[in-house]
Student: 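One structure is given below, represented as structure tokens, and several questions about it will come after.
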Amino acid sequence: MRVTEFQAPKGVPEYFPPRSAAFLAVREALAYPAEHAGYGYIELPVFEDTALFVRGVGESTDVVSKEMYTFLDRGERSLSLRPEGTAGVMRSIVENRLDKGVLPVKLWYAGPFFRAERPQHGRYRQLQQVGLEAVGGDDPALDAEVIALADEGFKRLGLRQYRLDLTSLGCAQCRPAYRHVLTAFLDTCDLDDATRQRATVNPLRVLDDKRDEVQRQLGDAPLMVDHLCSSCQEHYDAVRGFLSDAGVEWVEAPRLVRGLDYYTRTTFEFTHELLGAQSGIGGGGRYDGLMASVGGSDLSGIGFGLGTDRTLLACEAEGLDVGAGARVDVFIVPIGEAPRHEAVRLLTRLRQAGVRADMAYGGRGVKGSMKAADRSGAPTVVIIGEDEVASRTAQVKNMIDGTQVAVALDSLLDEVQHRAPQEGTS
RNA sequence: GUGGGUGUAGCUCAGCUGGUAGAGCGCCGCGUUGUGGUCGCGGAUGCCGCGGGUUCAAGUCCCGUCACUCACCCCA
């Protein structure tokens with residue numbers, strides 16, 4: 001029902017309490033592995049030169065050809081809201097000469113991305129992602145590290161019902177030849193015009209068509225993994241070896257295709273089984289020519305993007321109460337005007353000491369204030385009335401078991417800190 | 001961009017074949033003096049998405065429109 005004149009733009013998710021706490025927890029969990037593996041944080045612009053995406057991501061991709069929010073600025077320059085993160089990271093690495101320093105350059109980022117698609121469950125026009133890139137090395141152990149870091153993020157949240165699909169898309173050496181073989185095969189299939197059109201743009205895409213009548217014909221389709229050059233084959237074997245060393249489980253997915261043109265060799269995708277049609281919660285892969293295509297040195301890199309929104313949906317689908325818990329440790333209930341001043345002084349002291357605290361505002365009755373205290377979730381409530389002010393004490397109530405004791409105002413901070421959960425346990 | 005579904009209280013929804021609106025949850029208050037969560041009692045809240053049409057009469061039927069939603073496509 002429309003109750004206000006304005007609405008949020010179509011397809012843009014909003015997070016507010018209590019769910020926003022879960023959103024923050026998901027983002028933190030996904031970023032944690034990168035931060036603890038030596039990756040540095042990079043803060044990037046939300047819009048870039050349109051040409052960067054056209055060149056980097058690929059003109060033929062749906063993302064670039066029909067899903068970008070593009071506009072002209074006052075200098076008539078064409079800018080676009082970023083539809084993905086890797087191109088921007090490459091641009092920044094080149095522009096800031098990070099590629100001239102220690103390699104590989106390891107960076108992680110988080111933030112909103114934009115795609116003008118038809119909204120759906122888990123598919124938004126403003127989507128949040130946590131991503132990471134390791135640039136300047138084609139060591140297969142690096143591929144394994146990147147994949148393991150993504151996997152670890154999901155595991156930290158307690159997710160179980162997801163799967164890692166893995167394959168190799170070959171390189172500039174072997175892919176063109178394979179593509180030729182695949183195209184020849186597809187020519188023998190009975191496909192509708194739209195699909196045939198898709199095949200001319202990127203024949204690989206046809207492989208993961210969801211329709212049965214198409215899949216039925218693809219049983220004998222040639223696969224990239226059977227046409228890898230020796231170098232790519234060797235690399236892919238090594239990646240799988242290191243992935244095993246890292247304790248990561250995966251599923252061979254020879255028909256895995258990604259929507260961005262820059263991927264080469266190692267390619268992967270995480271999907272969650274409870275999310276419906278938009279099941280991808282993260283994906284990534286290696287990109288050999290990307291940096292050169294945006295004007296940098298010819299360095300290879302590998303990275304991933306994890307969907308924060310979808311990962312949150314996945315957690316909810318699995319019934320994980322991520323980020324739940326009390327927002328404050330202590331809640332103060334003053335009774336009367338003089339006690340309100342004492343309460344503000346106490347509140348200030350508690351907060352300055354690092355204790356998460358709140359108090360009852362708005363001159364409600366004691367009952368109402370206690371109700372507010374209860375709803376805050378605070379395990380400890382401090383009650384201050386006229387009598388307490390006179391005796392320089394406060395009633396400290398344990399909301400879990402209902403017990404209550406008088407504590408001198410001077411030792412209240414100690415008392416409360418003693419009761420509050422220790423750092424890191426909340 | 002292409003299909004399907006749905007729009008009724010803050011939330012989840014009921015309202016049969018047309019007769020001017022209901023439940024549960026939540027919210028507020030009360031159960032006597034300064035104590036929450038349980039329980040009991042009471043209360044507030046709806047241009048029934050919007051516009052038009054049919055009709056004595058429309059939440060209920062028809063048309064349009066907007067929004068939301070699911071799927072295709074694509075992707076996180």
Side-chain angles (χ1 to χ4, degrees), chain A residues 1-4 7-11 13 26-27 30 57 60-67 82-86 110-131 150 154 162 192 194-195 197-198 201-202 205-206 208-211 214 256-260 269-272 275-284 304-314 331 333-336 339 360 364-389 394-404:
Chain A
M1 174 182 326
R2 182 122 115 266
V3 292
T4 53
Q7 288 181 275
K10 183 198 269 286
V26 167
R27 191 170 64 187
L30 295 181
V57 180
S60 68
T61 61
D62 285 30
V63 168
V64 166
S65 64
K66 52 188 188 191
E67 295 173 1
R82 59 183 185 184
E84 60 93 56
T86 307
F113 296 86
F114 307 84
R115 292 178 196 171
E117 301 178 278
R118 189 77 165 261
Q120 212 176 112
H121 181 63
R123 186 171 76 180
Y124 306 114
R125 290 185 171 182
Q126 175 174 315
L127 55 115
Q128 294 281 341
Q129 232 172 269
V130 171
F154 296 132
Y162 69 91
D192 58 278
T195 307
Q197 175 58 31
R198 207 139 42 94
V201 176
N202 184 350
R205 295 268 183 78
V206 180
D208 72 344
D209 194 304
K210 289 173 184 171
R211 293 168 298 182
V214 176
L256 176 63
V257 180
R258 317 233 63 240
L260 312 180
E269 184 170 79
F270 289 87
T271 54
H272 193 94
L275 288 189
Q278 309 305 317
S279 60
I281 52 175
F304 64 61
L306 310 181
T308 314
D309 312 277
R310 286 185 186 178
T311 301
L312 172 57
L313 290 173
F331 195 94
V333 172
I335 305 167
R364 296 216 257 177
V366 184
K367 209 177 169 77
S369 296
M370 284 304 294
K371 210 166 191 174
D374 182 52
R375 275 190 284 242
S376 77
T380 304
V381 170
V382 174
I383 302 157
I384 307 175
E386 303 286 355
D387 297 349
E388 284 74 21
V389 172
Q395 292 293 323
V396 177
K397 179 165 185 172
N398 179 326
M399 294 296 272
I400 315 287
D401 60 22
T403 57
Q404 184 171 316

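Just so we're on the same page: letters track the sequence lines, and every chain starts at 1.
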Student: Check whether the side chains of A/Arg27 and A/Gln128 place a donor and an acceptor atom closer than 3.5 Å, and report yes or no.
Tutor: no
Student: Tell which nucleotide pairs with B/rG24, taking only Watson-Crick or G-U wobble pairs whose two distances are both under 3.5 angstrom.
Tutor: B/rC11
Student: Does a side-chain N or O from A/Lys367 land closer than 4.0 Å to OP1 or OP2 of B/rG36, or not?
Tutor: yes
Student: Does B/rC61 have a Watson-Crick or wobble partner in any strand here, with both distances under 3.5 angstrom, and which is it?
Tutor: B/rG53
Student: OP1 or OP2 of B/rC27 less than 4.0 angstrom from a side-chain nitrogen or oxygen of A/Arg375, does that happen here?
Tutor: yes
Student: Mind checking A/Gln129 for me? I need base, sugar-phosphate or nothing, with any heavy atom below 4.0 Å counting as a touch.
Tutor: sugar-phosphate
Student: Compare side-chain N and O positions of A/Lys10 against OP1 and OP2 of B/rC68 and report whether any pair is under 4.0 Å apart.
Tutor: yes
Student: What does B/rU2 pair with, Watson-Crick or G-U, if both distances are under 3.5 Å?
Tutor: B/rA71
Student: Please give the nucleotide sitting opposite B/rC16 as a Watson-Crick or G-U wobble pair, both distances under 3.5 Å, or none.
Tutor: none
Student: Base, sugar-phosphate, or nothing: which does A/Arg118 touch, judged by heavy atoms less than 4.0 Å apart?
Tutor: base
Student: Which part of the nucleic acid, if any, lies within reach of A/Ile400 when heavy atoms closer than 4.0 Å are counted: base, sugar-phosphate only, or nothing?
Tutor: base
Student: Assuming nearest nucleotide by heavy-atom distance, tell me which of A/Gly280 and A/Leu275 is located more 5' along RNA chain B.
Tutor: A/Leu275
